[in-house]
Protein chains: 4
Amino acid sequence: MGGVPGVAGVPMRWVGPLRISGNVAVTQTEVPIATYESPLWPSVGRGAKISMLTEPGIVATLVDERMTRSVLVEATDAQTAYATARQLQERRGELGEVSGTVSRFIELVGVRHEITANLLFIRFEFTTGDAAGHNMVTLAADALLNHLLRTMPGISYGSISGNYCTDKKATAVNGILGRGKNVVTELLVPARIVADQLRTTAAKIARLNVRKNMLGTLLAGGIRTANAHYANMLLGFYLATGQDAANIVEGSQGITVAEDRDGDLYFSCTLPNLIVGSVGNGKSLDFVETNLTRLGCRERRPSGDNARRLAVIAAATVLCGELSLLAAQTNPGELMHAHVQLERGDQPTKAEV
Amino acid sequence: MGGVPGVAGVPMRWVGPLRISGNVAVTQTEVPIATYESPLWPSVGRGAKISMLTEPGIVATLVDERMTRSVLVEATDAQTAYATARQLQERRGELGEVSGTVSRFIELVGVRHEITANLLFIRFEFTTGDAAGHNMVTLAADALLNHLLRTMPGISYGSISGNYCTDKKATAVNGILGRGKNVVTELLVPARIVADQLRTTAAKIARLNVRKNMLGTLLAGGIRTANAHYANMLLGFYLATGQDAANIVEGSQGITVAEDRDGDLYFSCTLPNLIVGSVGNGKSLDFVETNLTRLGCRERRPSGDNARRLAVIAAATVLCGELSLLAAQTNPGELMHAHVQLERGDQPTKAEV
Amino acid sequence: MGGVPGVAGVPMRWVGPLRISGNVAVTQTEVPIATYESPLWPSVGRGAKISMLTEPGIVATLVDERMTRSVLVEATDAQTAYATARQLQERRGELGEVSGTVSRFIELVGVRHEITANLLFIRFEFTTGDAAGHNMVTLAADALLNHLLRTMPGISYGSISGNYCTDKKATAVNGILGRGKNVVTELLVPARIVADQLRTTAAKIARLNVRKNMLGTLLAGGIRTANAHYANMLLGFYLATGQDAANIVEGSQGITVAEDRDGDLYFSCTLPNLIVGSVGNGKSLDFVETNLTRLGCRERRPSGDNARRLAVIAAATVLCGELSLLAAQTNPGELMHAHVQLERGDQPTKAEV
Amino acid sequence: MGGVPGVAGVPMRWVGPLRISGNVAVTQTEVPIATYESPLWPSVGRGAKISMLTEPGIVATLVDERMTRSVLVEATDAQTAYATARQLQERRGELGEVSGTVSRFIELVGVRHEITANLLFIRFEFTTGDAAGHNMVTLAADALLNHLLRTMPGISYGSISGNYCTDKKATAVNGILGRGKNVVTELLVPARIVADQLRTTAAKIARLNVRKNMLGTLLAGGIRTANAHYANMLLGFYLATGQDAANIVEGSQGITVAEDRDGDLYFSCTLPNLIVGSVGNGKSLDFVETNLTRLGCRERRPSGDNARRLAVIAAATVLCGELSLLAAQTNPGELMHAHVQLERGDQPTKAEV
């Protein structure tokens with residue numbers, strides 16, 4: 001089980017508050033960020049301050065949620081794989097019952113598949129209540145796979161996970177078919193606040209976003225991603241709230257949109273693959289319980305509502321850091337200047353670009 | 001600077017020892033892993049045990065190292081962008097001097113560029129001693145960018161980072177042009193050990209690897225990645241050693257190769273984008289210093305050697321966890337069985353698939 | 001309308017016959033290939049010969065078919081985009097009626113969407129009878145878009161095509177959600193025929209396929225593709241049958257699987273995005289009519305059957321050329337030797353590698 | 001060698017003239033386009049007309065050229081692969097001599113490599129005079145591979161092509177490392193011409209380009225591509241000039257940039273992977289010779305100049321069609337209206353969206 005228990009103490013601070021509205025939560029809250037990169041705190045803090053200066057703040061819209069696990073079965077041939085795939089659709093009710101046996105919180109909401117040669121990849125999609133659901137969907141997929149192998153002719157075990165899920169890899173399938181919470185955040189910043197707080201203009205941010213986040217990432221051979229540093233905020237928030245932080249790999253695949261609207265700045269971050277839970281692994285640690293409680297994600301609510309609240313807070317935190325960094329990069333030298341100042345204060349520093 | 005200082009205490013254990021040889025280090029060492037997902041410890045531990053049973057253990061070959069930052073300049077037109085790009089090659093010596101002013105540990109080892117419309121993306125490549133180098137290369141890029149803007153006509157500031165670096169995003173450029181340490185690990189496991197320790201065969205692992213890691217990831221729309229769960233091991237190792245763990249986004253883009261060699265298993269993990277440092281941000285925390293010292297990465301050695309040692313240990317740790325999980329997935333139900341056992345011991349569990 | 005009408009006469013030959021079975025057609029047929037690269041003819045011919053020597057020949061399984069067009073609408077905000085998206089699912093019947101007005105051959109079989117910021121990309125999926133359907137789905141999308149703009153509040157015109165279709169671009173969405181015919185071809189070649197006709201072994205082909213098509217393409221940053229030269233066969237077949245040959249861009253994204261089954265070779269090509277029609281643009285040219293008739297794709301059959309037949313013949317043609325080239329590349333120098341021989345015969349030559 | 005010789009007669013017309021300037025050619029020329037999709041002619045024609053109304057027309061800048069072939073060798077282990085790779089750089093002169101033996105037109109200009117497990121992918125980069133060079137680089141790669149196998153210990157034959165070239169596949173490597181001609185085209189269209197000829201505004205085109213070509217393609221999981229329909233123009237031009245048209249697969253991976261510059265439209269198409277030749281396969285057909293001559297690409301010029309001229313004409317043709325279609329899509333219904341008009345004239349039609 002591993003050696004002597006110990007602890008890696010990652011420095012953590014609360015920043016904000018930030019203001020959130022939308023179809024999940026209307027709230028003001030500070031957010032905890034655990035990181036070895038201290039400039040991240042003031043960066044998110046600046047964005048949070050701007051959200052407080054605007055009305056209605058960051059509007060976070062949850063547009064989808066599901067957790068997935070793909071299994072792989074080997075069929076006698078493609079014809080058999082195809083016949084099996086057709087059965088999956090006809091047996092949806094039956095499959096829902098099978099997966100429902102592993103937990104009262106799980107529900108089968110979709111089944112997709114893909115056939116290559118004689119291989120059948122089946123992607124099961126579930127809702128999992130307030131849990132991120134990694135474990136729950138694996139249990140369900142195991143039950144479903146066994147059920148299929150027992151009741152369908154011509155197929156045999158391939159793998160309990162076929163990498164078509166996809167967990168913690170940089171792929172396209174999660175964004176296209178959905179995995180985790182899909183949250184869109186939007187913030188409209190009046191021209192005056194852009195000038196005063198960010199020392200730049202909406203036009204400059206919009207242009208930088210097209211050139212750096214869209215074109216730069218495209219040239220780099222990016223896959224379904226166009227942002228400056230979502231990974232930084234996600235990691236900090238995930239560690240502070242007991243999430244499986246390896247999910248930043250796909251979680252950080254998201255898209256920043258910035259528009260100059262007559263001098264005001266429309267700024268939006270879309271995170272299609274945000275995997276969070278308010279219960280489950282890592283959530284029983286004392287500091288995590290404390291943090292989740294302070295974020296208002298341990299209330300008595302209908303199943304799933306605490307996790308959804310957590311998701312929109314995470315997404316809003318990402319927007320704050322993204323806005324701040326992009327604004328800084330519109331001004332030559334600002335990033336360097338900020339770091340030199342922090343260094344004088346004996347703070348460890350690092351460019352979060 | 002953020003609110004009241006606190007700490008996110010991520011559970012950490014030492015697992016192993018594992019055996020490493022190759023062009024950087026010949027050693028046996030335990031490795032620290034900080035994670036909320038406790039099944040990761042025995043998973044890595046099983047792989048480590050196998051490395052100890054073989055001779056020469058995991059052979060880790062460092063095949064490249066460099067750290068990068070891309071800047072973006074806007075040119076009057078494409079013709080000017082092209083003229084500027086040509087100057088970059090002619091002025092390599094001069095540019096090396098400019099970047100050398102920011103640190104005695106930095107050296108410019110390459111300059112690449114790409115032109116789109118009137119935009120010029122310049123990717124500077126450096127070695128950075130024992131530091132991961134994020135901060136150092138940003139300082140150097142800032143100096144280089146200012147130098148270019150002062151001395152070249154027809155160009156203006158675009159961004160200090162053009163996302164062509166690429167930092168913490170899932171792209172292709174890092175693997176193709178290089179970023180971080182590029183480490184190949186190899187382990188030859190005799191057939192008997194495959195059977196006894198992993199309860200499977202080389203043929204089964206090789207077939208699963210092609211179907212799951214290669215085909216499954218390909219179908220998912222993966223970009224330059226074919227593995228089961230590098231992200232898990234990297235995150236745990238990065239947190240325990242004070243690394244910027246958001247670099248698991250690109251760090252986890254790597255390739256597992258498995259071959260059945262007359263019953264013996266040839267198993268290899270290639271990590272082209274492994275970003276680690278033995279000094280720099282996060283390294284002055286007490287537990288990090290302790291961990292790095294215990295790993296033998298705080299010795300008096302030529303600049304860069306401690307970081308290289310850390311890189312091959314990280315890569316070997318990845319191999320251990322990858323081997324263990326793939327072996328488990330060749331056997332129907334093994335993963336579930338292991339988790340149920342752990343649960344009975346009141347351990348928090350989660351499928352690390 | 002352009003200048004004086006002329007003709008680009010692309011050299012065309014019939015090769016084969018090849019043998020096909022499966023869920024669409026059981027047939028033997030020669031196939032026409034128009035190309036400037038003459039080595040392509042003997043290459044496909046060699047594969048065709050092998051298909052004739054085996055029983056049941058190439059088994060082609062059609063596993064999906066649909067044609068798509070995505071439209072883009074701008075919503076007031078993400079919340080409105082989300083509300084609109086939900087309406088799409090509730091109004092499926094109504095949308096089917098609207099699209100049905102443009103042709104009696106079109107049927108709406110799916111509606112998918114994705115939201116980014118305040119933008120809503122809607123992907124309509126149709127069956128289109130015997131036509132490839134580019135034009136038909138654009139007409140339908142236009143009608144649907146107008147209908148939505150008239151009947152839904154808070155949205156405005158973005159684009160009749162939002163590139164989420166995706167037509168003639170290298171993306172992941174077509175394979176994951178489906179576009180065109182999805183055809184899997186399989187051929188089992190006895191060991192003796194592998195040795196006699198291809199001068200190689202199943203093991204060598206399987207190993208080359210993993211290393212070249214899977215790993216090589218992966219390292220190159222490929223997206224959902226693992227093959228040697230599908231594009232060559234598709235182009236030749238498309239030109240000879242009046243198809244819109246620019247669809248080879250996505251059509252050539254496909255996957256070759258090769259396995260050594262006790263010395264016999266299991267060889268499979270999966271083409272998830274095969275866009276073909278037996279009627280429509282380009283099909284009224286005399287030579288095209290002749291070719292389609294000779295291929296048996298102008299018979300009186302239920303709507304769609306002629307196009308499906310054409311699709312499996314196209315896919316089988318791809319398999320023939322792919323098998324031949326991979327076999328050649330297992331033998332050092334064979335490709336060069338073949339070309340030198342062809343050159344002596346005063347044939348124009350080119351490596352189709 | 002295939003059956004009875006025949007011809008696939010693809011309808012061809014000359015459109016234009018269009019106006020080109022830049023670092024390769026200053027010229028006005030009509031261009032031939034062979035296609036089954038007749039709306040393509042007036043579409044390109046409209047763009048060409050606009051180029052004639054502006055001064056200096058389309059500015060085409062050639063920023064790179066090289067042709068590549070990758071070989072694959074298997075090494076004893078990664079250590080040996082690494083040692084071999086290092087030798088490649090040290091033996092550059094020797095390798096240049098070996099490749100030079102196959103043709104007086106070929107020159108080795110770069111050697112890149114990538115190591116995965118014990119596999120070494122070597123990517124040779126050449127200039128090839130006026131030929132596209134597929135055949136020439138394969139001959140050179142064969143000579144180089146044989147030379148390496150003879151003179152380097154510990155390696156054996158893997159493949160004459162390792163798919164890291166990459167030929168006719170949708171990947172990232174070609175754009176990042178270079179393959180074919182890399183041409184940037186730019187056109188500045190005054191506001192009045194945008195209004196009169198395109199019935200739209202620069203702002204509308206710029207916004208559509210970001211949303212459709214950049215965001216839409218990104219969401220679709222595109223790899224290094226952001227355009228509406230480069231593939232259509234490239235196919236038509238390639239067929240009319242005897243090119244290997246299967247190269248549109250990677251050739252169509254390119255980037256459209258559009259900006260509103262105070263009402264004027266800055267419009268740019270970057271094609272990083274444009275593979276063309278004025279000599280070689282397919283160029284000896286009568287109509288091809290005629291077309292190349294009329295394009296001014298059969299003049300007595302220094303080696304390579306005719307091919308470069310052909311490349312910039314191809315790229316300018318792409319810009320014309322791209323501009324026309326994007327402009328049309330800014331106006332709801334325009335595309336449909338145009339097609340209905342064409343249909344009344346009994347023209348075959350198809351949406352080239």
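Hydrogens, waters and symmetry mates play no part in the numbers below; they use all other heavy atoms, side chains included. Chain letters run A, B, ... following the sequence lines, proteins first, then strands; residues in each count from 1.
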Subject >> Contact origin within A:Thr225 toward chain B - heavy atom pairs under 4.5 Å >> reply: side chain
Original post:
Roughly how far, to the nearest 0.5 Å, is CG of A:Asn281 from OH of B:Tyr36?
Top reply: 11.5 Å
Subject >> Counterpart residues, side-chain hydrogen bond (donor to acceptor under 3.5 Å, both in side chains), relative to A:Thr330 (two or more places apart) >> reply: A:Thr200
Subject >> Stepwise side-chain contact (heavy atoms from CB on, under 4.5 Å) test for A:Leu119 and B:Leu215 >> reply: CA-CA 10 Å; A:Leu119 304 172; B:Leu215 289 175; 3.7 Å; yes
Subject >> Closest approach of B:Gly9 to A:Val7 (non-hydrogen atoms, all atoms of both residues) >> reply: CA-CG1, 3.3 Å
Original post:
With chain A, which of B:Gly45, B:Ala34, B:Ala245, B:Ser70 has the greatest number of heavy-atom pairs at distances under 4.5 Å?
Top reply: B:Ala245
Original post:
For chain B, which of A:Val249, A:Asp142, A:Thr171, A:Val173 has the most heavy-atom pairs under 4.5 Å?
Top reply: A:Thr171
Original post:
Any donor and acceptor pair, going by atom type alone, linking the side chain of A:Asn163 with main-chain N or O of B:Met214 inside 3.5 Å?
Top reply: no
**OP:** Would you tell me whether A:Thr217 and B:Lys169 have side-chain atoms, one donor and one acceptor, within less than 3.5 Å of each other?
**Re:** no
Original post:
Got A:Asn232 and B:Asp244 here, is their nearest side-chain heavy-atom distance under 4.5 Å?
Top reply: yes
Original post:
How long is the gap from CD on B:Glu37 to CD on A:Gln243, to the nearest 0.5 Å?
Top reply: 9.5 Å
Original post:
Of all of B:Val137, B:Val44, B:Asn146, B:Asn213, which one pairs up most often with chain A through heavy atoms under 4.5 Å apart?
Top reply: B:Asn213
Original post:
Of the non-hydrogen atoms in A:Pro11 and B:Leu285, which two are nearest, and what is the gap between them?
Top reply: CD-CD1, 3.9 Å
**OP:** Go through the atoms of A:Leu72 and report whether side chain, backbone, both or neither lie under 4.5 Å from a heavy atom of chain B.
**Re:** side chain
Subject >> Considering all heavy atoms, the nearest A:Gly216-B:Tyr164 contact >> reply: O-CD1, 4.1 Å
Subject >> Interchain contact, A:Phe121 with chain B, by part (heavy-atom threshold 4.5 Å) >> reply: side chain
Original post:
Under a 4.5 Å heavy-atom cut-off, does chain B meet the side chain of A:Asn174, its backbone, both or neither?
Top reply: neither
Subject >> Value rounded to 0.5 Å, distance of CD1 in B:Ile248 from NZ in A:Lys168 >> reply: 8.5 Å
**OP:** Identify which part of A:Ile223 has an atom lying under 4.5 Å from any heavy atom of chain B, answering side chain, backbone, both or neither.
**Re:** both
Original post:
Listed by residue number, which members of residues 233-241 of chain B have a heavy atom under 4.5 Å from any heavy atom of chain A?
Top reply: B:Leu235, B:Tyr238, B:Leu239
Original post:
Between A:Leu208 and B:Ser159, which heavy-atom pair has the shortest distance, and what is it?
Top reply: CD1-CB, 3.5 Å
Subject >> Pairs of heavy atoms under 4.5 Å with chain A: top-ranked of B:Cys165, B:Ala8, B:Ala172 >> reply: B:Ala8
Subject >> Reported CG-to-OG1 distance for the pair A:Leu219 and B:Thr166, which is rounded to 0.5 angstrom >> reply: 9.5 Å
**OP:** Using a cut-off of under 4.5 Å on heavy-atom pairs, state which of B:Arg123, B:Arg211, B:Arg224 scores highest against chain A.
**Re:** B:Arg211
